[in-house]
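See below for the structure under consideration.
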There are 2 protein chains.
Amino acid sequence: MGDRRPTMRDVAAAAGVSLKTVSRVVNGESFVRPDTAERVRDAIARLGFQRNDLARTLRGGGRTRSIGLIIEDVANPFYSQIARGVEDVARAGGRLVISGSSDEDPARELLLIRSLCERRVDGLLIVPSQTGDPRRRAELIAGTPAVFLDRPADDPAADTVLIDNLGGARTAVDHLLAHGHRRIACLVDLPEIFTARQRHQGYLEALAAHGVQADPALVRTGRHDVRGAGHAMTELLALPDPPTAVFAGNNLLTVGALRAIGAAGTRTALVGFDDVELADLLATPVTVIAHEPADMGRQAAELLEGRIRGDTGPPARILLPTRLVARGSGEIPPG
Amino acid sequence: MGDRRPTMRDVAAAAGVSLKTVSRVVNGESFVRPDTAERVRDAIARLGFQRNDLARTLRGGGRTRSIGLIIEDVANPFYSQIARGVEDVARAGGRLVISGSSDEDPARELLLIRSLCERRVDGLLIVPSQTGDPRRRAELIAGTPAVFLDRPADDPAADTVLIDNLGGARTAVDHLLAHGHRRIACLVDLPEIFTARQRHQGYLEALAAHGVQADPALVRTGRHDVRGAGHAMTELLALPDPPTAVFAGNNLLTVGALRAIGAAGTRTALVGFDDVELADLLATPVTVIAHEPADMGRQAAELLEGRIRGDTGPPARILLPTRLVARGSGEIPPG
DNA sequence: TTGAAAGCGCTAACAT
DNA sequence: ATGTTAGCGCTTTCAA
């Protein structure tokens with residue numbers, strides 16, 4: 001079975017024509033007599049020939065018709081929805097998506113970027129990790145069109161699609177304040193992460209706007225997964241003067257907080273950032289700050305598509321809206 | 001801006017060495033004087049050179065260090081968990097994952113396969129759509145190692161990783177029967193889909209084993225999304241003699257059924273196939289037939305990795321176990 | 001309507 | 001320790 005894949009040469013030999021004629025048939029070019037084309041197609045089918053796209057792209061100097069997508073974790077619904085939005089746009093543009101999970105590890109991110117650039121993807125869509133050196137990243141990307149999602153790169157010249165984190169967080173906390181809460185806890189992700197900082201800030205701003213003194217004991221930052229959030233929430237509920245409400249800074253933290261509240265059996269109000277599946281069916285349906293991750297993916301991919309096609313306009317900064325979806329958990333009154 | 005990307009040639013010229021020396025430095029080969037290597041590295045940095053992987057692979061006759069993954073929909077948690085498992089194994093093998101959603105459309109699937117094969121992915125991981133012509137698919141795949149997930153291809157020579165659908169479904173319905181139910185509804189996906197057929201069959205077998213006469217009016221097949229399942233469930237609950245329990249054939253159908261039951265306000269028992277996020281926190285926590293999608297992805301990817309490396313053993317057929325997770329909804333007694 | 005020759009950017013094999 | 005040559009499989013250019 002040491003037989004290599006058939007090439008156009010092989011097909012040409014089998015069909016008794018020149019290599020160029022095979023190329024014409026494969027690419028649907030004109031100026032081939034129907035019966036010649038037929039013979040070539042026969043040979044292609046007989047040999048099981050499949051054009052080698054690497055060679056084609058190399059010689060054509062053209063596009064690879066692929067884009068790279070770097071997110072934190074495909075298994076997280078937030079990112080997998082983004083990926084789907086991206087794929088839909090990429091498909092329309094005739095491109096495939098090569099996606100990779102950085103796991104928030106800057107080294108892993110750089111590796112992915114390098115790999116993707118060396119493969120000459122037509123463009124890059126990146127949720128930038130925030131602990132690495134932005135300059136190293138920029139160096140690697142240089143020469144490949146790139147759009148950033150969910151978090152800004154340091155680069156002011158880069159196209160970026162963000163969610164209105166500040167506004168969303170403020171809305172969440174406003175809502176809890178409006179329902180009479182004063183001791184409102186805040187659960188957020190690693191402080192390096194832009195969205196976490198913004199949501200934390202939105203929380204503080206909402207309190208300040210209502211003249212409520214923020215209690216640092218009620219803020220837990222640096223929670224990056226369901227378990228971490230659960231532990232933090234359990235601690236908060238065990239406080240001598242526990243919070244009557246909590247703002248959970250993302251989908252994972254919302255799940256963690258819900259588990260902890262359920263385990264503690266308290267009637268703690270909650271508003272979460274990001275919508276979560278089945279939120280409407282919980283014992284107490286979950287009030288959230290909702291937005292459209294797939295739409296973020298689509299918009300970013302469309303921006304990228306434009307750049308790939310040569311758009312040379314000023315950098316775009318898209319801010320996607322959020323909306324409060326009141327379902328019950330955010331409307332629980334203070335104990 | 002008409003400047004093309006720098007090549008090894010350009011680097012060689014800039015460093016005053018030959019192309020081959022640049023190649024040696026880039027590939028970390030030995031037999032380069034440290035100071036020469038230094039000069040080359042300088043030139044690389046100055047020009048922003050990045051090796052063209054297409055050319056490298058073409059010449060080396062080697063692997064593209066990528067694998068293709070074709071699933072139904074990345075946004076569905078079941079598939080995104082698979083994707084993550086696949087990615088982890090691919091990463092360990094130094095490969096990237098190019099993934100595409102077929103949306104259960106055979107034409108789209110063929111397009112993806114062709115595209116991926118022409119790009120010379122090292123291997124293919126496929127959740128085969130089941131409405132197309134298996135022979136056309138097999139023809140396209142020929143020459144590229146492939147492993148099938150979640151559903152068998154027609155091809156008995158193909159490596160396949162499946163879930164124990166039959167056993168899982170039987171366990172689910174056994175459980176409901178054991179809790180005293182006799183009128184048990186069944187919600188399953190399109191009958192073309194292997195897993196739907198198996199789960200339907202498991203349902204029937206469990207009833208038969210308990211000597212319970214199956215009522216065709218309680219079976220709704222061909223439900224492929226949350227809404228479809230919701231409508232079907234609403235209809236079932238409106239029956240003159242409604243079911244007291246339901247077996248939901250996958251994660252989406254479980255969600256739809258839960259919504260309908262919630263809306264109808266009945267105390268209908270439910271066991272779902274696939275675990276769902278937050279199932280434990282629902283008003284009535286959801287009993288499910290759980291399994292590990294990520295593990296399915298990993299095992300399939302490992303099988304593929306082996307084939308890529310030349311394993312020539314007989315076709316593998318892996319059957320992954322399920323387990324019943326009793327959380328409440330499956331233990332509701334008949335009304 | 002068809003074909004021959006050159007070359008995309010790189011690595012393998014062979015000099016030196 | 002460094003360079004030269006050939007060629008991966010295709011498309012492009014030019015000739016017939």
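The figures that follow rest on heavy atoms only: side chains count, while hydrogens, waters and symmetry mates do not. To find a chain, count down the sequence lines: A is the first, B the second, and so on, and within it residues start at 1.
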Ordered by number, residues from residues 31-39 of chain A within less than 4.0 Å of DNA chain C (heavy atoms) are A/Phe31, A/Val32, A/Arg33, A/Thr36
Sequence neighbours left out, what passes salt bridge (Lys or Arg N to Asp or Glu O under 4.0 Å) with [X]? Give chain and number order.
X        : answer
B/Asp159 : B/Arg307
A/Asp155 : none
B/Arg84  : A/Asp73, A/Asp103, B/Asp88
B/Arg151 : B/Glu72, B/Glu104

Distance col, row B/Thr7:OG1 vs B/Asn52:CG, nearest 0.5 angstrom, shows 9.5 Å
d(B/Asp311 CG, B/Leu304 CG) to nearest 0.5 Å is 10.5 Å
For B/Arg59, the side-chain contact (heavy atoms from CB on, under 4.5 Å) test, sequence neighbours excluded, returns none
A/Glu109 and A/Ile126 have their tightest heavy-atom pair at OE2-CG2, 4.0 Å
If you look only at distance, which donor and acceptor atoms sit under 3.5 Å apart when one is on a side chain in residues 143-150 of chain A and the other is two or more places apart or in another chain?
unit_1	atom_1	unit_2	atom_2	d
A/Thr144	OG1	B/Arg5	NH2	3.0

Contacted region of DNA chain C by chain A, from 5' end to 3' end of the hits, cut-off under 4.0 Å to heavy atoms, spans C/dT1 to C/dG9
Table please: side-chain donor-acceptor pairs of residues 294-303 of chain B below 3.5 Å, with sequence neighbours left out.
unit_1	atom_1	unit_2	atom_2	d
B/Asp295	OD2	B/Gln299	NE2	3.3

For A/Asp53, the side-chain hydrogen bond (donor to acceptor under 3.5 Å, both in side chains) test, sequence neighbours excluded, returns A/Arg65
Original post:
Looking only at side-chain N and O atoms, does B/Thr21 come under 4.0 Å of OP1 or OP2 in D/dT2?
Top reply: no
If each end axis of the helix from C/dT1-D/dA16 to C/dT16-D/dA1 is fitted on five C1' pair positions, the angle between them, to 10 degrees, is 40°
Is the side chain of A/Asn27 donor-acceptor paired with the backbone N or O of A/Glu29 at a distance under 3.5 Å, no angle test? no
Write out a two-atom table: protein N or O, nucleotide N or O from nucleotides 8-12 of chain D, distance below 3.5 Å.
unit_1	atom_1	unit_2	atom_2	d
D/dC8	O2	B/Arg59	N	3.0
D/dG9	N2	A/Ala55	O	3.4
D/dC10	OP1	A/Asn52	N	3.0
D/dC10	OP2	A/Met8	N	2.6
D/dT11	OP1	A/Asn27	OD1	3.4
D/dT11	OP1	A/Asn27	ND2	3.2
D/dT11	OP1	A/Arg56	NH1	3.2
D/dT11	OP2	A/Ser23	OG	2.9
D/dT11	OP2	A/Asn27	ND2	3.4
D/dT11	O2	A/Arg59	NH1	3.3

